[in-house]
There are 2 protein chains.
Amino acid sequence: MDRRVTKKDDDASGKERPTLKTLAFMTGLGVTTVSRALKDAPEIGAETRRRVQLVAKQIGYRPNRAGVRLRTGKTNVISLVLNTEHELMSFVSDIIYGVTEVIADTPYHLIVTPYSRSQDPLDPVRYLVETGSADGVIISRTQPNDPRARYMLERGIPFATHGRTDMGLVHPYHDFDNYTFAGEAVRYLAGMGHNRLALVTPPVGLTYYGHTVNGFADALSEVGASEVPFNTVSIDQSIEQIRMRTAQLMRRKDRPDGFVSSAAAATLAIVAGIEDAGLKLGRDVDVVSKQSSELLHLFRRELLVVNENFRLAGSELARAVLGWIGGADPGSLQSLSTPSEVLPYRG
Amino acid sequence: MDRRVTKKDDDASGKERPTLKTLAFMTGLGVTTVSRALKDAPEIGAETRRRVQLVAKQIGYRPNRAGVRLRTGKTNVISLVLNTEHELMSFVSDIIYGVTEVIADTPYHLIVTPYSRSQDPLDPVRYLVETGSADGVIISRTQPNDPRARYMLERGIPFATHGRTDMGLVHPYHDFDNYTFAGEAVRYLAGMGHNRLALVTPPVGLTYYGHTVNGFADALSEVGASEVPFNTVSIDQSIEQIRMRTAQLMRRKDRPDGFVSSAAAATLAIVAGIEDAGLKLGRDVDVVSKQSSELLHLFRRELLVVNENFRLAGSELARAVLGWIGGADPGSLQSLSTPSEVLPYRG
DNA sequence: TTGGCAACCTGTAACGTTTCAGTATACTGA
DNA sequence: TCAGTATACTGAAACGTTACAGGTTGCCAA
């Protein structure tokens with residue numbers, strides 16, 4: 001009387017999650033046939049195919065990820081590799097949302113792989129590749145000569161970078177055109193009559209540092225303005241540091257009359273520093289800043305902003321990796337986002 | 001001469017990723033023994049155990065996640081379920097970082113499962129449970145009577161909620177003490193001589209809406225101040241809406257002389273609205289606001305802030321789920337974070 | 001009639017892991 | 001001496017999937 005339900009004969013019970021075996025039992029077909037029917041293999045009769053797919057839909061069959069992964073090596077996972085130590089990167093959530101928007105209609109899951117400042121940025125990437133934990137990887141904080149990109153290219157794992165590299169190697173990327181941004185910012189400030197400009201740069205070493213610096217420099221000479229060196233500051237420093245150094249700078253006789261800032265958080269600090277020095281934004285000095293959400297104009301109306309859409313970046317990056325996984329030419333999966341024009345406050 | 005490398009005999013080649021079979025071959029033991037030795041099973045001799053573990057470390061053995069998952073059902077995945085439609089939730093990245101901090105030393109991966117406003121919030125949770133995609137789940141935007149919590153409790157899947165429920169059911173949570181926050185804010189404003197206060201509430205329907213409203217109301221009657229109703233506004237409305245409604249409110253004769261705001265982004269809008277109405281913060285009206293990063297004092301020095309640490313929330317939530325997965329009593333995995341005191345600007 | 005072939009379908013093995021049900025050996029106590 | 005038992009190990013099976021190497025029809029051309 002001890003009738004235990006063994007795994008063998010409860011296929012039709014409907015309580016357990018259905019597998020191919022369940023479907024095979026219900027349709028009277030073999031497991032192989034069912035598997036093929038579900039993926040529209042050509043050697044399956046049209047009617048059988050329909051029947052299987054109907055039943056599968058009815059009982060809510062979903063392939064077991066572990067089974068597929070074990071058998072095929074396909075993980076259906078995209079990994080977003082993030083540095084967790086740069087505090088004010090609120091845009092991270094935008095990128096994540098952008099990515100999830102794109103993969104929502106796919107079988108892919110998004111895993112977030114963190115690394116901290118103390119680690120080699122290559123570590124998490126190496127981990128992902130060695131353990132085969134993802135079909136595709138998205139990295140940010142890209143460098144001109146990026147060991148992670150090189151590594152993944154060698155290992156043949158699809159990836160996309162947020163920001164370009166400069167190694168003569170081709171791979172998918174999405175980037176914001178920071179050269180144009182910095183140039184437009186300079187031209188705008190020059191148009192307002194400013195001619196002593198300071199640049200708040202991206203982190204030294206990242207590719208877009210170079211783009212920004214070049215755009216700034218080229219436009220400066222184009223409009224005949226001069227640069228007030230401000231090399232001690234970059235956007236991944238702390239608010240306090242940026243603020244203090246800005247105040248120092250602004251108390252000097254040869255202070256700038258315009259700033260170009262690569263990030264909204266840094267801009268808050270810059271403005272605080274300007275005001276610490278007893279100067280007034282919009283009168284003594286103007287600031288053009290990138291921002292990723294519409295907050296800067298609430299902060300100070302005098303600010304001049306250029307919008308960067310990180311949700312878009314996330315979507316483009318996801319599309320790029322998926323494209324590469326799907327076999328597209330990596331060279332065709334590169335995109336560059338054009339800055340909006342410089343926007344003053346409009347009440 | 002067509003010596004193909006078959007899977008059978010390349011175990012010692014060192015090129016492929018090592019498996020238990022590789023270890024078994026190298027140590028001369030059986031696969032079972034190796035498996036047990038690696039997890040410190042008692043029936044393995046001490047010396048064998050050491051030997052196996054040494055070799056495993058040497059060749060960098062890592063268990064194949066798909067194999068484990070298929071065999072045991074254990075995914076080693078925690079899922080963070082997020083609403084992607086609430087734009088200004090920059091704190092999301094803090095929560096993510098908090099979670100990753102805790103799971104960094106574990107075999108767990110973090111997957112981000114999104115849902116949009118149009119969907120039933122139960123959908124993503126149902127998906128996770130039905131497909132067995134995670135060992136544990138973290139949800140936010142918790143409601144007093146939360147169908148997701150009820151569902152997961154029924155299905156017996158470990159989870160933690162950001163925010164409490166009120167269903168008489170016990171489960172792990174982390175929450176910020178918004179009752180105390182609102183109360184302290186009111187007392188502080190009263191101490192400054194304000195007695196006509198408005199509350200910018202959390203989204204109606206979420207548990208902490210109630211906490212906040214109650215803390216506000218109780219403290220109001222305690223200090224003998226009165227409420228200026230501002231029910232048309234809550235913090236997940238758009239900046240523009242909040243700003244406009246605040247301006248409307250502030251142009252009325254019976255305008256408030258103090259605000260308590262539940263989120264930094266909303267506070268920016270409130271201040272903009274106040275200024276739109278031609279009034280001055282710190283003279284005509286004061287605002288106490290929660291914030292998750294140190295930005296509000298840069299925005300306006302007159303603001304009064306209370307800090308809420310979302311990175312801590314993420315860590316606590318991760319600890320809670322892992323604890324439950326590990327068999328701890330869910331009732332012991334609840335934590336409440338106490339607000340800092342109300343902080344004025346200190347130059 | 002027969003051989004060939006196309007169309008459809010099937011069983012078996014394998015991916016890497018853990019669990020079950022053992023086996024072999026050495027030691028214990030009577 | 002011998003049963004009993006503790007210790008240390010092992011092979012086979014199973015999780016759900018896909019790839020490989022067939023198998024069975026039925027039809028057509030020779």
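In this text, all values refer to a predicted model and were calculated from it rather than measured experimentally. Each chain gets a letter, A, B and so on, in the order the sequences are listed, and its residues count up from 1.
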If I take atom CZ in residue Arg36(A) and atom P in nucleotide dG23(D), what distance separates them, rounded to the nearest angstrom? 15 Å
Thr33(B) side chain, from C-beta outward: closest of dT17(D), dT10(D), dT18(C): dT10(D)
Mind calculating the distance between CZ (Arg71(A)) and C1' (dT18(D)) to the nearest angstrom? 4 Å
Under 4.0 angstrom, heavy atoms only, what part of the nucleic acid is Gly28(B) near: base, sugar-phosphate, or nothing? sugar-phosphate
Taken to the nearest whole Å, CG/Leu23(B) to P/dT10(D) is 13 Å
If you measure from the Lys or Arg side-chain nitrogens to the Asp or Glu carboxylate oxygens, is any gap between Glu130(B) and Arg17(A) under 4.0 Å? no
Please determine whether a side-chain nitrogen or oxygen atom of Thr72(A) lies at a distance below 4.0 Å from atom OP1 or OP2 of dT18(D). no
Interatomic distance where CG belongs to Asn76(A) and C1' belongs to dT18(D) [whole Å]: 14 Å
Taking CZ from Arg51(A) and P from dC8(C), how many angstroms apart are they, rounded to a whole number? 14 Å
Between C1' of dT7(D) and CZ of Arg49(B), the distance in whole Å: 12 Å
Among dT18(C), dT18(D), dC9(C), the one nearest Ile44(A) by side-chain distance: dC9(C)
With a 4.0 Å cut-off on heavy atoms, is Arg69(B) in touch with a base, just the backbone sugar-phosphate, or nothing at all? nothing
Could you check whether the rings of Phe310(A) and Phe91(A) sit parallel, tilted or perpendicular, using 30° and 60° as the cut-offs? parallel
Just checking Gly30(B): base, sugar-phosphate only, or nothing, at a heavy-atom cut-off of under 4.0 Å? sugar-phosphate
Phe159(A) and ring pair (Phe, Tyr, Trp, His ring centres under 6.0 Å): which partner among Trp324(A), Tyr173(A), Tyr151(A)? Trp324(A)
Heavy-atom nearest nucleotide on DNA chain C taken for Glu43(A) and for Val31(A); more 5' hit belongs to Glu43(A)
dT18(C) OP1/OP2 closer than 4.0 Å to side-chain N/O of Lys39(B): yes
What's the closest nucleotide to the side chain of Thr48(B) if the choices are dC8(C), dT17(C), dC9(D)? dC9(D)
Can Glu101(A) and Arg311(A) be counted as an ion pair, charged N to O under 4.0 angstrom? yes
Any chance you could lay out the side chain to side chain contact (heavy atoms under 4.5 Å, CB included) test for Thr75(A) and His109(A), step after step, and finish with the verdict? CA-CA 9 Å; Thr75(A) 62; His109(A) 283 179; over 6 Å; no
Rounding to a whole Å, what distance do you find between Tyr61(A):OH and dG16(D):P? 10 Å
Which residue lies more 5' along DNA chain D, comparing Leu70(B) with Gly45(B) via nearest heavy atoms: Gly45(B)
Using whole Å, what does the distance between atom C1' of nucleotide dA14(D) and atom CG of Asn64(A) come to? 13 Å
Is there a donor and acceptor pair closer than 3.5 Å between the side chain of Thr32(A) and the base of dA19(D)? yes
